[in-house]
Number of protein chains: 4
Amino acid sequence: MQSEPKPRWERRKDARPQELLAAALDLFVDRGYAATRLEDVARRAGVSKGTLYLYFENKEELFKAVVRENIVDVIGKAESDVAAAPEASCRELLRVMLLKWWSEVASTRAAGLAKLIMAEAGNFPEIARFYNDEVIERGNALVASILRRGAANGEFVALDPDIMTRVLTAPVIMLMLWSHSFFPCDTQGFDPEAFMDAFLGLVERGLRPPP
Amino acid sequence: MQSEPKPRWERRKDARPQELLAAALDLFVDRGYAATRLEDVARRAGVSKGTLYLYFENKEELFKAVVRENIVDVIGKAESDVAAAPEASCRELLRVMLLKWWSEVASTRAAGLAKLIMAEAGNFPEIARFYNDEVIERGNALVASILRRGAANGEFVALDPDIMTRVLTAPVIMLMLWSHSFFPCDTQGFDPEAFMDAFLGLVERGLRPPP
Amino acid sequence: MQSEPKPRWERRKDARPQELLAAALDLFVDRGYAATRLEDVARRAGVSKGTLYLYFENKEELFKAVVRENIVDVIGKAESDVAAAPEASCRELLRVMLLKWWSEVASTRAAGLAKLIMAEAGNFPEIARFYNDEVIERGNALVASILRRGAANGEFVALDPDIMTRVLTAPVIMLMLWSHSFFPCDTQGFDPEAFMDAFLGLVERGLRPPP
Amino acid sequence: MQSEPKPRWERRKDARPQELLAAALDLFVDRGYAATRLEDVARRAGVSKGTLYLYFENKEELFKAVVRENIVDVIGKAESDVAAAPEASCRELLRVMLLKWWSEVASTRAAGLAKLIMAEAGNFPEIARFYNDEVIERGNALVASILRRGAANGEFVALDPDIMTRVLTAPVIMLMLWSHSFFPCDTQGFDPEAFMDAFLGLVERGLRPPP
DNA sequence: TATGAATGAGTCTTCATTCAT
DNA sequence: TATGAATGAAGACTCATTCAT
């Protein structure tokens with residue numbers, strides 16, 4: 001008469017937030033921030049609308065969590081890596097960091113968030129502020145710190161580190177936009193991997209001081 | 001003593017469409033398609049919501065008109081120019097066309113439409129179709145036709161014209177995205193004009209057949 | 001240099017109201033009161049929306065004018081006829097009146113107004129009031145007066161004239177509805193003329209006192 | 001001392017559709033299709049505008065549901081009854097069916113839908129199509145099938161069954177119109193029940209073959 | 001925790017009416 | 001007279017968020 005107690009693995013409560021974040025990333029990237037309906041996010045994660053609100057306060061917090069999960073954490077790890085290796089080669093550090101960014105962000109579904117931010121940040125000031133503070137500023141600061149360290153120890157030519165940061169990051173950002181644009185250029189005759197390779201070569205050569 | 005009674009509205013038939021298109025361009029570029037409220041467009045043009053509907057059937061048609069006015073017409077002119085000069089230097093034709101695109105589209109407010117399309121075309125299929133047919137296809141066809149003509153008369157090296165079309169247009173499209181992105185890269189340490197100059201030099205040299 | 005003065009017959013100002021009333025009748029009957037757009041009425045009459053307002057104060061007055069033109073005037077004529085023939089045969093009077101109603105109202109486009117009133121009078125109280133006062137009350141009063149006169153002079157059996165008025169008018173009203181209903185009954189196997197004939201026969205026999 | 005806090009809303013999932021359909025029927029019948037505001041329907045059912053959209057996709061679907069609930073289901077039941085009694089007396093079958101139609105549709109609030117359809121079907125083609133397919137065609141087919149069966153087994157005189165279907169249904173339809181018209185004829189001196197009785201007698205005698 | 005019913009502010013679109021020309 | 005540009009109130013529909021269960 002007694003109903004079977006549900007096996008504990010049937011409902012993976014711990015996995016819920018991850019499932020929701022994954023669903024949210026997909027939809028935010030495909031449709032943009034405003035056009036993504038929370039009900040769709042919930043449905044894609046296999047839960048009800050109300051459940052979503054148990055884990056995330058509102059749409060904005062859900063979006064921030066997606067950004068944290070997919071971008072901010074990568075930056076955090078990179079910050080730790082850089083801080084943990086005060087003696088490492090800056091050239092190598094920079095190369096590894098850009099490659100990591102590529103492999104863990106820019107080449108993944110999360111790259112689509114760049115498109116979203118570019119298009120909609122203006123309409124959602126709090127999101128713009130968050131993204132600027134947590135991604136752009138922190139990312140730029142990290143790159144600039146390596147450039148400064150490299151200039152100080154003679155590994156890099158001495159260029160304005162803030163300007164150079166922009167020069168180094170812009171192509172990768174563009175690559176992120178590219179990979180999610182609806183323009184044919186990203187589907188024909190364009191190989192992001194090759195682009196990335198060429199870019200890394202450029203960085204390597206371009207920052208090396210003359211012998 | 002009596003103040004002029006301010007007319008509730010003013011008749012400006014001929015100027016209205018242009019004023020509305022200008023207001024719409026501004027708001028579409030700033031906020032995106034979905035987030036632009038027609039009432040705001042009307043107010044910015046100094047008219048009421050209803051007036052807008054006298055000139056444009058609905059939001060979609062307003063947007064199409066904005067694209068026509070600011071982009072399609074430029075392509076149309078370019079098509080005429082090319083057709084009108086069957087004997088012209090293809091190298092010169094290409095240079096002039098890219099410069100015109102830059103000066104009349106990419107360097108203007110209309111550049112922001114690229115961002116909008118990239119972000120929202122997926123949500124508005126009819127707009128995607130329209131933009132693809134009227135801008136992307138026509139623009140690509142025009143560039144490809146010049147490349148073919150130039151290859152035929154020996155002005156250009158013989159490369160796949162469709163691939164080359166993508167290569168030539170992609171940087172300009174990126175420039176359009178760049179100039180309306182919220183990333184600081186477009187406001188600091190980046191000079192679109194210089195970029196454009198460098199790009200034109202590249203095109204000139206890159207397409208010239210070896211002597 | 002002087003422009004030709006327009007020939008006076010070119011713009012038939014006097015005909016305008018009639019043209020507008022005809023257009024309005026058509027549209028009111030086809031679409032109903034609320035769904036008829038004044039701009040369509042004006043266009044069908046070949047004038048602009050503003051012009052319509054020169055002749056009719058507003059939509060309601062236009063509708064009233066249509067009813068007056070097509071129904072009230074017929075009733076007015078009938079009232080005069082009855083008043084002008086105080087010695088006439090009531091039987092004949094009644095027959096002629098019903099036939100006139102048939103030929104001048106019920107068999108014409110104006111019959112559609114009955115459908116409109118039935119469906120929409122509840123939404124437009126002023127129109128309901130007007131129609132009731134000008135058509136229903138006056139029409140009923142006229143019929144009842146003949147019945148009373150006929151009962152008084154022995155032409156008709158003595159029945160409650162108000163009840164009999166309903167009995168006599170209801171079938172004709174139904175006929176009006178019928179002829180504008182979308183039900184197939186009016187297009188197949190139903191002949192309004194035959195119905196009318198049968199009905200008149202019934203009236204003739206039904207009201208004749210036993211010998 | 002403290003008053004019960006009144007809940008902003010009450011959960012009544014199962015009852016909601018019926019409440020909404022009842023409210024919608026009332027308003028559609030009173031005001032017509034176009035003039036009925038969904039917000040009013042919702043308010044009359046004691047819920048908000050948004051709630052209505054949880055149960056019905058849009059105005060058109062709400063209307064179809066009202067028709068299904070109040071008319072189509074009655075026809076469906078009748079179809080089953082006829083199919084379930086292949087040996088039954090057709091005379092009885094017909095009488096019962098017309099009585100049922102009267103008691104379950106024509107004498108109820110739903111009768112007002114006939115008026116609505118007659119007046120507005122022309123403005124809403126999809127609704128016209130639906131009503132024609134689901135009510136008129138099915139209803140006529142059912143009556144005609146009984147007439148055919150009755151003619152085949154000698155219960156009825158052999159008349160064109162499609163024509164006779166119109167003749168039999170028209171009076172009932174008219175009765176439906178009548179009962180919701182604003183004309184005084186339906187409120188004074190007219191007894192629909194008596195009309196129905198008389199009509200059934202007519203049918204009984206009119207279809208009986210001569211002995 | 002989980003559900004999903006309920007809410008209501010917000011946006012596009014229509015159209016009767018006004019009025020400068 | 002005649003025009004048609006301009007207005008603004010009104011209604012269908014969407015969706016982030018709340019909350020009783």
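Side chains are part of it too, since the values below use all heavy atoms of this structure and drop only hydrogens, waters and symmetry mates. Residue numbering restarts at 1 for every chain, and letters A, B, ... go by the order of the sequence lines. Because the structure is predicted, anything quoted here is derived from the model rather than measured.
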Problem - Pairing partner (Watson-Crick or G-U wobble, both distances under 3.5 angstrom) of dA20(E) - result: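 Partner of dA20(E): dT3(F).
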
Completion exercise
As its Watson-Crick or G-U partner within any shown strand, both distances under 3.5 Å, dC15(F) has dG8(E)

Practice task
Check for a donor-acceptor pair, side chain of Asn70(A) on one end and backbone N or O of Val66(A) on the other, with a separation under 3.5 Å.
Solution key: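 Judged by distance alone, yes, a pair lies under 3.5 Å.
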
Exercise for the section: Taking the side chain as every heavy atom from C-beta outward, state whether Met118(A) and Lys115(B) have any atom pair closer than 4.5 Å. Expected result: yes

Problem - Value rounded to 0.5 Å, distance of CG in Leu20(C) from CD in Glu69(C) - result: 11.5 Å

Rounded to whole angstroms, how far apart are [atom1] on [X] and [atom2] on [N]?
X: Glu61(D); N: dA12(F); atom1: CD; atom2: C1'; result: 15 Å
X: Leu20(C); N: dT3(F); atom1: CG; atom2: C1'; result: 14 Å
X: Leu52(A); N: dT3(E); atom1: CG; atom2: C1'; result: 13 Å
X: Leu62(A); N: dC15(F); atom1: CG; atom2: P; result: 16 Å
X: Arg43(C); N: dA2(F); atom1: CZ; atom2: P; result: 18 Å
X: Arg37(D); N: dT13(E); atom1: CZ; atom2: P; result: 21 Å
X: Glu39(C); N: dG4(F); atom1: CD; atom2: C1'; result: 9 Å
X: Asn123(A); N: dG10(E); atom1: CG; atom2: P; result: 16 Å

So does [X] get a side-chain nitrogen or oxygen closer than 4.0 Å to the phosphate oxygens (OP1/OP2) of [N]?
X: Thr51(C); N: dT3(F); result: yes
X: Tyr55(D); N: dA6(E); result: yes
X: Ser48(A); N: dT3(E); result: yes

Exercise for the section: Return the orientation label for the Tyr33(B) and Phe28(B) ring planes: parallel under 30°, perpendicular over 60°, tilted otherwise. Expected result: parallel

Handout entry: Given dA16(E), dA2(F), dA10(F), the nucleotide with the shortest approach to the side chain of Lys59(C)
Key = dA16(E)

Exercise for the section: Would you mind telling me which of dA16(E), dT13(E), dA12(F) lies closest to the side-chain atoms of Leu38(D)? Expected result: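 Output: dA12(F).
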
Handout entry: Qualifying residue, where the test is side-chain contact (heavy atoms from CB on, under 4.5 Å) with Arg16(A) and the options are Leu21(A), Val47(A), Leu54(A)
Key =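 Result: among Leu21(A), Val47(A), Leu54(A), Val47(A) is the only option passing the side-chain contact (heavy atoms from CB on, under 4.5 Å) with Arg16(A).
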
Problem - Residue whose nearest DNA chain F nucleotide is more 5′ - Lys49(D) or Leu54(C) - result: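 Residue closer to the 5' terminus by nearest nucleotide: Leu54(C).
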
Handout entry: Glu57(C) or Glu60(B), whichever maps to the more 5' nucleotide of DNA chain E
Key =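 That would be Glu60(B).
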
Completion exercise
Result for 5'-nearest mapping on DNA chain E, choosing between Gly46(D) and Asn58(B), is Gly46(D)

